[in-house]
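For reference, the structure discussed in these notes is given below.
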Amino acid sequence: MLDIKFIRDNVELVRESLKKRNSDFDFEGFLALDEKRRRFIKEIDLLREEQNKTNSQVSALLKAKKNPKEKIEEVKAVSRKVSEIEAEFRKVKDEFGNQLLNIPNVPHSSVPVEANKVVRSQGKLRKFKFKPVNHIDIAQHLDIIDFKRSSKVAGSNFSLFKGAGARINRALINFMLDLHTKKHGYTEVFPPFLVNRASMTTTGQLPKFEEDMYKLKHDDYFLIPTAEVPVTNVYRDEVLDEKQLPVCFASYTACFRRESGSYGKDTRGLVRVHQFDKVELVKFVKPQDSYKELDKLLADACKVIELLEIPYRVAVLSTQEMSFAAAKCYDIEIYAPGIDKWLEVASCSNFGDFQARRGNIRYKDKKTGKNAFLHTLNGSGVALARLIVSIIENYQEKDGSITIPKVLRGYLDGKRRITK
RNA sequence: GGAGAGGUGGCCGAGUGGUUUAAGGCGGCGGUUUGCUAAAUCGCUGUGUGGUCAAAAGGCUGCACCUAGGGUUCAAAUCCCUACCUCUCCGCCA
């Protein structure tokens with residue numbers, strides 16, 4: 001959420017950034033609504049002032065044991081008028097609040113407008129002496145992922161890991177959590193996978209993207225699309241001490257995505273599934289530190305891929321590609337030779353105070369003694385399903401087996417290969 | 001799921017319709033005292049929002065805020081309704 005005062009003081013900037021995002025938000029209508037809202041506030045406050053004053057005269061008369069009837073009639077009239085106007089005002093206020101929640105974040109000035117820009121490429125693509133096979137065929141051959149039965153149990157675009165497949169999934173989670181908590185200074189948290197409406201609103205999934213979310217029918221709960229939601233909301237409606245910052249959390253959760261409307265593209269195998277595992281990194285930082293922290297966050301995520309020895313590239317997302325709440329966002333893509341595609345496995349974003357404002361997450365600034373909104377960031381560190389696609393396809397051997405990446409062997413009883 | 005008790009400021013806690021302008025305490029900030037520390041003592045103390053003045057820091061002023069949202073009333077922390085949350089007991093349960 002943007003600060004209404006910021007919007008009023010920077011009308012041009014906000015108008016421009018909406019344009020850069022290709023947003024269809026009716027900004028001029030919103031500004032007019034704000035005007036209207038403020039006129040209401042002024043009018044109601046003036047009437048209330050009158051009401052309060054006359055009311056204390058009633059009190060004084062009662063105290064002096066005099067008859068307050070005349071004054072009561074007077075204040076009755078004002079009171080009636082206030083409730084009439086308030087009824088109208090409530091509509092305006094609600095509409096205003098709703099529209100404010102639908103304005104996307106203002107992109108940072110360094111974010112490209114035209115197209116995503118690759119800022120870094122690392123690792124060499126493997127040269128195969130045979131034609132690389134896709135992960136689906138390899139996994140089925142080794143009997144480590146059973147897509148047929150996951151469809152039976154749940155539906156299409158789910159997965160069922162089995163044997164070494166399940167082990168490697170668990171090994172990856174442990175490897176990433178260990179790396180981030182032991183080497184990168186994050187604290188591990190394990191949150192609820194179901195969250196309420198307020199939490200989904202803080203991080204920006206609601207109100208605009210409710211249709212994209214899995215929702216329970218009988219309770220007002222949502223399945224989390226990412227650990228970002230529960231973990232960012234850990235400090236909702238709280239004031240942190242400046243000394244606590246930065247707070248860095250690493251969190252494993254399953255992630256649930258409806259992916260409606262995406263049928264037909266990348267729907268085979270593990271590339272686009274309704275449920276996958278992810279280790280997420282979330283930071284709460286002082287505003288002046290947030291871009292420095294974004295770089296560190298990105299480096300922490302890249303480290304995972306580097307240790308797994310998979311080629312990757314990093315792109316800054318353009319204003320049009322960037323998500324609703326982000327001010328700046330890097331995507332990490334890894335190569336999958338079997339399907340010959342670059343896959344997004346991580347997205348590292350700085351949200352500025354956008355989420356903090358929606359969730360009322362503040363810190364006490366020691367210098368000014370005031371409460372201020374802090375900045376939130378998060379990044380995948382990293383998402384599992386597509387990572388497994390890339391591992392299977394990059395580490396495949398001609399005989400149909402898979403070599404286990406060195407850093408994972410310790411988590412798999414020292415095993416070096418997955419064979420049939 | 002059933003029965004009951006609760007939710008008050010950064011924290012504890014008083015307050016059952018009209019100087020509540022939320023007592024008192026703790027904490028925090030500042031002053032005095034002091035060789036230093038501690039103690040004592042005095043003062044100050046939250047958030048949001050509108051208007052206005054100011055280059056700004058901020059000042060002045062109005063309104064709202066006692067979990068949230070409705071309602072009753074001239075007037076609500078206080079009465080009523082609903083939701084959420086916490087606690088106790090019972091039931092069910094990995």
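Note on naming: letters A, B, ... go to the chains in the order of the sequence lines (proteins, then strands), and numbering restarts at 1 for each one. Just the heavy atoms: all of them, side chains too, but no hydrogens, waters or symmetry mates, feed the values below.
For the P atoms, the distance from B:G17 to B:U33 is 49 Å, rounded to whole Å. A gap of 11 Å separates the P atoms of B:G13 and B:G9, to the nearest Å. One C1' atom belongs to B:U61, the other to B:A54, and the distance between them is 15 Å to the nearest Å. Across the C1' atoms, B:G30 and B:G24 are found 22 Å apart, a figure rounded to whole Å. A distance of about 15 Å separates the P atoms of B:A64 and B:U78, rounded to the whole Å. Distance noted for atom C1' between B:A75 and B:U21: 16 Å (whole Å). Rounded to a whole angstrom, the distance from the P atom of B:U19 to that of B:A23 is 14 Å. B:G69 and B:C85 are spaced 15 Å apart, taking the C1' atom of each and rounding to whole Å.
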For nucleotides 59-62 of chain B, give me every protein contact, N/O to N/O, under 3.5 Å, one pair per line with atom names.
{"unit_1": "B:G62", "atom_1": "N2", "unit_2": "A:D45", "atom_2": "OD2", "d": "2.5"}

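For A:R37 and A:D34, the salt-bridge test passes: some basic side-chain N is under 4.0 Å from an acidic carboxylate O. Salt bridge absent: A:D300 and A:K303 never bring a charged side-chain N and a carboxylate O closer than 4.0 Å. A salt bridge links A:E12 to A:R15: at least one charged side-chain nitrogen sits closer than 4.0 Å to a carboxylate oxygen. Under the 4.0 Å criterion applied to side-chain N and carboxylate O atoms, A:K420 and A:D143 are not assigned as salt-bridge partners.
In this structure, A:K5 and A:L62 both approach RNA chain B, and ranking their closest nucleotides by distance from the 5' end singles out A:L62. Along RNA chain B, the nucleotide closest to A:E50 and the one closest to A:V239 are compared, and the more 5′ of them pairs with A:V239.
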Worked verdict on A:E321 versus A:K20 for salt bridge (Lys or Arg N to Asp or Glu O under 4.0 Å) = CA-CA 10 Å; A:E321 295 270 325; A:K20 283 183 194 167; over 6 Å; no
request  = Dump the intermediate steps for salt bridge (Lys or Arg N to Asp or Glu O under 4.0 Å) on A:R167 and A:D413, then the final yes or no.
outcome  = CA-CA 10 Å; A:R167 285 287 306 267; A:D413 307 328; 3.5 Å; yes
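What separates NZ of A:K42 from C1' of B:A64 is a distance of 18 Å, to the nearest Å. Taking atom CG of residue A:D34 and atom P of nucleotide B:U49, one finds them 12 Å apart after rounding to whole Å. For A:R37 and B:A64, the CZ to P distance is 16 Å, given to the nearest whole Å. Atom CZ of A:R357 and atom C1' of B:U49 are 14 Å apart (whole Å). Between A:D219 atom CG and B:A83 atom P there is a gap of 14 Å when expressed in whole angstrom units. At whole-Å resolution of the value, CG in A:N360 and P in B:U49 are 10 Å apart. Following rounding to the nearest Å, A:D3 (CG) and B:G48 (C1') show an atom-to-atom distance of 12 Å. A straight line from CG of A:L240 to C1' of B:G10 spans 13 Å, rounded to a whole angstrom.
A donor-acceptor pair under 3.5 Å is absent between the side-chain atoms of A:N98 and the main chain of A:D94, judged by distance alone. For the pair A:N157 (side chain) and A:R272 (backbone), a donor-acceptor distance under 3.5 Å is present.
Within 4.0 Å of A:R197, counting heavy atoms only, lies no atom of the nucleic acid at all. At a threshold of 4.0 angstrom between heavy atoms, the contacts of A:R362 are confined to the sugar-phosphate backbone, with no base atom among them.
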task = Summarise how protein sits on nucleotides 69-77 of chain B as a single string, 5' to 3': B when a protein heavy atom is under 4.0 Å from the base, S for sugar-phosphate-only contact, - for no contact.
result = -S---BS--
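When A:F351, A:F25, A:F354 are each tested for a ring pair (Phe, Tyr, Trp, His ring centres under 6.0 Å) with A:F324, only one passes: A:F354. Here the rule is side chain to side chain contact (heavy atoms under 4.5 Å, CB included) with A:F30, and of A:N102, A:L18, A:I4 only A:I4 fits it. Tested against A:L298 for a side chain to side chain contact (heavy atoms under 4.5 Å, CB included), the candidates A:D331, A:I332, A:V119 yield a single pass: A:I332.
For RNA chain B, each stem of at least three Watson-Crick or G-U pairs (distances under 3.5 Å) is given as range with range: B:1-7 with B:84-90, B:10-12 with B:24-26, B:27-32 with B:40-45, B:46-53 with B:58-65, B:67-71 with B:79-83.
Using bins of under 30°, 30° to 60° and over 60° for the plane-to-plane angle, the ring pair A:Y411/A:F175 lands in the perpendicular bin.
Within the 4.0 Å cut-off from OP1 or OP2 of B:G51, at least one side-chain nitrogen or oxygen of A:R38 is found.
In this structure, the separation between CD1 on A:I392 and CG on A:L142 is 8.0 Å, given to the nearest 0.5 Å.
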